[in-house]
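Notes for the one structure printed next.
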Amino acid sequence: MRPVFRLLSDELIERIISQARDILCDLGMEIHNDGVLSMLSDHGASVDSEKMHVYFTADIIDKALETAPDSVKLFDVMGRQTHDLTDHNVYFTPGSAAINILDPLSGEIRKPLTADYVEYAKLVSRLDNIASQSTAFIPSDVHEKISDSYRLFLSLLYCEKPVVTGAFTIDAFNVMKDLQLAVRGSADALKEKPLTIFSCCPTAPLKWSDVTSQNLVDCAKHFIPVEYISMPLSGFMAPVTLVGSLVQHTAETLSGVVLSQLTQPGTPIIYGGSPAAFDIRFETTPMGAVETQMMDCAYNEIGKYLNLPTQAYIALSDAKKLDAQAGLETSMGATLAALAGINNISGPGMLDFESCQSLEKLVVDNEICGMTLRLARGIEPKEDFPAIPIFEELLREKHLLIANHTRKHLRDEHYFPGRVIDRANSSRWEEEGSLTIGDRAKSEIARLQGEYEPSGLSGDILAEMTRLMRAEAARFGMARLPHEDL
Amino acid sequence: MELLEQISFNLQNGLDDVVAALTKDAIEKRIPPGEILSDGLIAGMSIVGEKFKNHDIFLPDVLLAARAMNGAMEMLKPLLIKEGIPIRGKVVIGSVKDDLHDIGKNLVAILIKGAGFEVIDLGNDVPAEKFISAAKEENAHVIGMSALLTTTMPVMKKVVDLAKDEGLYGKIRIIVGGAPVSKEYALEIGADAYSYDGANAVETVESFFPVNN
Ligand code: B12
């Protein structure tokens, strides 16, 4: 049986959804985008264009929910399917868009460079339990206007896995879409085999900005999957109770579903978010707080109730270094997320309130993910009944190490973590240098990067992507791209 | 307890009605408004700030005290102006161009206002030129800028450069904050200070205005 963790009863889910719908219809929402407002008005919503305010109708919400697909598939750059985001399937992706990185060698927290990004992409290509890349941080050595598209470009260049990403401006979407068209060859092929997910944030409370609502519409036009990232902050920019924050999250996320589905019925969408507790002592938004994680799991139940694939920023930590807090918060989040069946679990590698990515932590988190993926498979009988024969064999042979039953089921039944997890006895551990998890993570990074194999994309496609990126950089006065000098 | 002490005490407990009544009382008793401000309200807020920093009290307690402060200030302001007592200082604050993150900026604005400063909030997505023109129009003493995105940070430098062009630099203090911003960055672009949170921002702004003011 696949173990499933639940926090909400169906009755509570229905009440939350019903209140969220009332909010959208009675209080309405501010949307700072004329195109979106007029589209909503065409579908019967009442719009106050002066105040950029729209009142949704029950009808458009129902219509949107009807056309929203219940599964989103992703395919790597080579066109192989990697994800089926639906039901209780779970996949991990690194935390995205960090401001800083924790330098694996010096231990310094600093602004990332292109070289760091390339190392990151190469590393992710070797991490078995991390199913996709995310555009995990912002290289600071390129013009800020291309910092969103350039990281997608580097990801597509160096690693085959699909990419969770997002644009910072309306303009940047274009080249980010063109890069994907270059990989797939045509708009139809991209629609057929989605390569990326775009994160689009409504602004709490109950608002969509021009940029993020336009990104959402542009994605829908090209059937590019979108995950909505609503961020109620409990007790600050949202009610202090978890249910109250969930009502707000539901309203904001449902509004996103409407915007996408009215633009393009059937366009792939993911019911995501990043709600957080607000720590009134430190003025911060802790992602490792248990209440944050509870809200994530709970809105995921609401998404499932609506038959939509889900996402959350949950397997991450607010610690500043790879320490015990980093491990405990990330493990707790990853475990709850896997048990709740959150389809796309964002977070590995991330520290410091989504501000800092760490390759060391990513390597360790890869193991946390491996263990939770095993947990999510639960306990199933496998040639265990009748039990007598295997016990006869055990009594006869005195051990089962080389029994057929063992050889057949060992790898499937037991997850063997990689080298960062210490399972040596203490004498061996001492003999091997009394290494800490940080030491082991550092050598794992080096080992995995040493095993890197370049992307299988054809030279023509790589050249076309480079041409597109160079043209984009040239618009902002950059004649050369930093990765060309690595 | 002496009246001004009572004001300070009740302000620390966030009792805005009581602080308003006591302030009215103090005005009627002809206690000089400058004294009500410094020995009653600001004295109370300083203790609140200190306690917040030490984790003895939390953000909502500070906001309640700030609300009491603001209420009393409304009554005192006309009297202070009449007597020619300068306000504690004027701050124009905003989130920079293309940045819609305003939660931290709002919090900083409330806390600075709560400490007795006048605050002009320019909102979010504020172009560099707007910071300068507003600072000039308002005769502000401080410009506060917030950026939460790596990509919007450069606007801060633009504001500093514009302040130089306009002859404001050195006369007006510039303070910056937000997740990607650091002390080093503030130094690098020529801002006067960086603050990592609201309490720290209040302390920094206060440090611009010596007490004898
Ligand atoms: C909440 C949030 C949002 C909300 C903002 C809602 C709002 N009304 O502000 C929403 C959902 C809208 C949002 C949108 C986006 N966000 Co955002 N967001 C956050 C988050 C999680 C928390 C920020 C916050 O409010 N913290 C709580 C407040 C109290 O703290 P604070 O802002 O840091 O402010 C304190 C101090 O910094 C300081 N301070 C701040 N300003 C000032 C000013 C002065 C003068 C002084 C003295 C001090 C000071 O004092 C404050 C009080 O303590 C951060 C994560 C993070 N680590 O910061 C990401 C984060 C900043 N966002 C990020 C991103 C990428 C985005 C989007 C681009 C996502 C997208 N693709 O749509 C959009 C951008 C929209 C835009 N153009 O601005 C990234 C930034 C990446 C980067 N390298 O630049 C972060 C780091 C998260 C991540 N890893 O993805 N976001």
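In this text, all values refer to a predicted model and were calculated from it rather than measured experimentally. Here is how names work: the chains are called A, B, and so on, in the same order as the sequence lines, proteins then strands, and each is numbered from 1.
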At a heavy-atom separation under 4.5 Å, does [X] approach chain A through its side chain, its backbone, both, or neither?
{"X": "B/Leu107", "value": "side chain"}
{"X": "B/Asp102", "value": "neither"}
{"X": "B/Leu111", "value": "side chain"}
{"X": "B/Leu148", "value": "backbone"}

- [ ] Examine A/Lys145 relative to A/Phe476 and say whether NZ or CZ is less than 6.0 Å from the centre of the six-membered ring and inside a 45° cone about the ring axis.
- [x]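 Geometry flag: not set, cation outside 6.0 Å or 45°.
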Answer key: most heavy-atom pairs under 4.5 Å with chain A among B/Leu100, B/Ile103, B/Thr152 is B/Ile103
On the 0 to 90° scale, with breaks at 30° and 60°, tag the A/Tyr117-A/Phe137 ring pair as parallel, tilted or perpendicular. perpendicular
Applying a strict 4.5 Å limit to non-hydrogen atoms, the region of A/Phe353 in contact with chain B is neither
**Report entry** Donor on one side chain, acceptor on other, A/Asp210 and A/Gln214, under 3.5 Å
**Finding:** no
Any luck finding a side-chain donor-acceptor pair between B/Glu129 and B/Ser133 under 3.5 Å?
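Looking only at side-chain atoms, B/Ser133 and B/Glu129 do not form any donor-acceptor pair under 3.5 Å.
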Inset, instruction - Report yes or no: does A/His249 contribute a side-chain atom to a donor-acceptor pair with the main-chain N or O of A/Gly272 at less than 3.5 Å? - result: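 Yes; judged by distance alone, with no hydrogens or angles, the pair exists.
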